[in-house]
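As structure tokens, the structure follows; a few thoughts come after it.
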2 protein chains.
Amino acid sequence: MSVDSPRSRSRPGGRSERIREAVGAAVLELFRERQFAFGVADVAERAGVHRATVYRRWPTRGELIAEGLSSFFQVVSVPDTGAWASDVHALAQTLAHFFSDPVEIGVVSSLAADSDPRASEVIQRHWQPYVEAMIAMVDRAKARGEVEAGLSSGRIVEMLTAPFVMRTALVRIPVTDRQIREVADLVIRATADDRHP
Amino acid sequence: MSVDSPRSRSRPGGRSERIREAVGAAVLELFRERQFAFGVADVAERAGVHRATVYRRWPTRGELIAEGLSSFFQVVSVPDTGAWASDVHALAQTLAHFFSDPVEIGVVSSLAADSDPRASEVIQRHWQPYVEAMIAMVDRAKARGEVEAGLSSGRIVEMLTAPFVMRTALVRIPVTDRQIREVADLVIRATADDRHP
DNA sequence: TCCTTATTGCGACAGTTGTTGCAATAAGCT
DNA sequence: AGCTTATTGCAACAACTGTCGCAATAAGGA
């Protein structure tokens with residue numbers, strides 16, 4: 001062992017990068033086509049890469065899924081209409097579609113059954129930007145006095161998202177437009193600032 | 001083929017029944033001990049039965065899990081205090097514990113990742129009695145005029161359960177007592193009948 | 001261009017999963 | 001008790017999964 005850490009030179013050159021992208025794309029394609037009924041072997045074949053390569057670079061299933069997600073950003077335009085009620089209705093609609101996406105369902109389902117505790121971190125990282133944007137939306141409404149300031153923004157966001165996650169990934173009964181409206185209305189009622197009716 | 005359906009006599013006698021129970025118990029034990037990191041082979045070994053027997057009698061994973069669940073009923077005393085607010089707070093507490101049970105988490109996670117569409121039916125059947133009792137609780141409050149009658153009881157129940165399911169089975173961050181209270185308070189605010197303040 | 005070495009492909013391996021044919025067992029009936 | 005046959009155990013099987021050593025390849029620098 002030499003003193004100055006001999007730190008092996010990384011080599012993120014052309015081929016490795018090409019493989020990264022091919023594998024990530026393969027994961028996404030498979031989620032779309034087969035929901036979550038596929039294995040590492042399928043990913044390797046689809047990417048035109050040897051199984052061993054996939055296992056070496058993505059030791060856990062979570063890392064492999066995360067790789068797929070890294071090039072997958074749904075356009076989640078968190079609304080900012082200036083009014084809490086219309087924001088919530090628009091967001092509920094958006095969320096219902098977001099969680100109906102085969103990739104999203106596949107990711108959620110796969111990671112839910114992953115015994116590796118780090119699997120849940122993958123989901124959290126993936127959702128983080130969306131969650132932050134939604135919390136910001138709640139906070140804007142608080143600033144406008146439309147939402148009672150003492151309520152937990154995190155809990156409000158959970159109350160709006162969790163029902164859709166549960167329905168699409170677990171119960172697997174499609175949500176109707178009416179139900180989307182009902183959820184939004186309940187959230188609006190829950191958050192209304194009593195002093196500004 | 002004879003004309004009068006020769007309908008093979010069923011034979012639910014001693015041994016078959018004993019095996020049924022042993023396998024069901026094994027499934028529950030394994031959910032408790034290893035959450036959801038176990039396979040059919042483990043179940044068979046634990047039950048003292050040959051793998052092939054398990055595969056023959058419970059062709060799908062869903063049926064196997066359902067067998068375990070058949071002898072597993074958590075005591076979910078849906079509250080009936082006579083007041084909506086205290087009912088909701090008590091129920092939220094109960095639900096948080098209910099979904100923290102290793103068996104419940106294991107079942108949810110396992111079935112979420114099952115590609116067999118009938119897997120979701122297993123969960124629905126398992127939860128049905130609890131859901132019905134909770135809906136009845138909401139309806140009692142409606143009858144008392146504490147909850148706006150026009151609101152969907154099903155949606156209210158989802159709003160109360162979904163956050164806990166998502167947290168325990170997916171995000172895997174334990175819920176704090178404070179968060180339980182926050183969820184309950186939001187549900188109460190959401191459902192309050194305007195005409196009876 | 002040539003050299004060093006990180007990374008990939010290849011093939012082999014043990015372990016696991018789900019299936020099947022056949023013989024042994026025991027349930028249900030007379 | 002004895003007979004019939006549904007059900008189980010057993011063993012072998014192909015398919016799949018994850019790992020490893022080694023040779024081939026190509027990235028990054030001289």
Side-chain angles (χ1 to χ4, degrees), chain A residues 1-2 4-27 30 34-68 110-111 113-116 118-119, chain B residues 1-2 4-27 30 34-68 110-111 113-116 118-119:
Chain A
M1 257 199 206
S2 69
D4 77 324
S5 55
R7 186 104 113 305
S8 58
R9 277 169 299 180
S10 72
R11 189 184 284 192
R15 190 162 78 143
S16 291
E17 188 56 22
R18 216 155 41 235
I19 287 179
R20 245 181 66 96
E21 288 167 13
V23 169
V27 171
L30 287 167
R34 307 201 215 151
Q35 207 84 315
F36 41 85
F38 64 92
V40 179
D42 302 302
V43 174
E45 188 190 16
R46 177 68 60 103
V49 171
H50 198 270
R51 286 208 323 283
T53 302
V54 179
Y55 282 117
R56 273 190 285 246
R57 291 188 56 175
W58 297 275
T60 71
R61 185 165 286 261
E63 293 174 71
L64 185 57
I65 293 179
E67 185 60 59
S110 303
L111 293 178
D114 197 327
S115 45
D116 186 340
R118 284 167 299 182
Chain B
M1 260 200 204
S2 70
D4 76 323
S5 54
R7 188 104 111 306
S8 59
R9 277 167 299 179
S10 73
R11 190 182 283 192
R15 188 161 79 143
S16 291
E17 188 55 25
R18 217 157 39 235
I19 288 180
R20 245 181 66 95
E21 288 167 13
V23 168
V27 170
L30 287 167
R34 307 201 215 150
Q35 209 85 312
F36 42 84
F38 65 92
V40 178
D42 302 301
V43 174
E45 187 189 18
R46 177 68 60 102
V49 171
H50 195 85
R51 286 210 323 285
T53 303
V54 179
Y55 282 117
R56 275 192 283 247
R57 291 188 53 177
W58 297 273
T60 70
R61 186 166 284 261
E63 293 173 71
L64 186 56
I65 293 178
E67 185 61 59
S110 303
L111 293 178
D114 196 326
S115 44
D116 186 340
R118 284 167 299 183

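Protein chains get the first letters and strands the later ones, always in sequence-line order, with residue 1 at the start of each. Computation of the quantities below employed the complete heavy-atom set of this structure, encompassing side-chain atoms and omitting hydrogens, waters and symmetry-equivalent molecules.
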Measure the [atom1]-[atom2] distance between [X] and [Y] for me, rounded to the nearest 0.5 Å.
{"X": "B:Ser115", "Y": "A:Phe38", "atom1": "OG", "atom2": "CZ", "result": "11.5 Å"}
{"X": "A:Arg15", "Y": "A:Arg20", "atom1": "CZ", "atom2": "CZ", "result": "16.0 Å"}
{"X": "A:Leu111", "Y": "A:Arg61", "atom1": "CG", "atom2": "CZ", "result": "9.5 Å"}

Write down the distance between [atom1] ([X]) and [atom2] ([N]), rounded to a whole number of angstrom.
{"X": "A:Asp116", "N": "D:dG18", "atom1": "CG", "atom2": "P", "answer": "13 Å"}
{"X": "A:Arg15", "N": "D:dG28", "atom1": "CZ", "atom2": "C1'", "answer": "14 Å"}
{"X": "A:Ile19", "N": "C:dA6", "atom1": "CD1", "atom2": "C1'", "answer": "12 Å"}
{"X": "A:Arg61", "N": "D:dC16", "atom1": "CZ", "atom2": "P", "answer": "15 Å"}
{"X": "B:Glu17", "N": "D:dT7", "atom1": "CD", "atom2": "P", "answer": "13 Å"}
{"X": "B:Arg51", "N": "D:dC10", "atom1": "CZ", "atom2": "P", "answer": "12 Å"}
{"X": "B:Asp42", "N": "C:dG15", "atom1": "CG", "atom2": "P", "answer": "16 Å"}
{"X": "A:His50", "N": "D:dG18", "atom1": "NE2", "atom2": "C1'", "answer": "12 Å"}

*Nucleotide nearest A:Arg18 when distance is taken to its side chain, options D:dG18, D:dA27, C:dA26*: D:dA27
*Within-4.5 Å side-chain heavy-atom neighbours: B:Arg118 and B:Thr60*: yes
*asked:* Is the shortest side-chain heavy-atom distance between A:Ser16 and A:Arg57 below 4.5 Å?
replied: yes
*So what does A:Arg57 hit on the nucleic acid, given a heavy-atom distance under 4.0 Å: a base, only sugar-phosphate, or nothing?*
sugar-phosphate
Tell me whether the OP1 or OP2 atom of [N] has a side-chain N or O from [X] closer than 4.0 Å.
{"X": "A:Thr53", "N": "C:dT7", "result": "no"}
{"X": "B:Tyr55", "N": "C:dT19", "result": "no"}
{"X": "B:Ser16", "N": "D:dT8", "result": "yes"}

*Toward the 5' end of DNA chain D, which comes first, A:Ala41 or A:Arg56, by nearest nucleotide?*
A:Ala41
*Taking the nucleotide of DNA chain D with the closest heavy atom to each, which residue, A:Ala52 or A:Gly39, is nearer the 5' end?*
A:Gly39
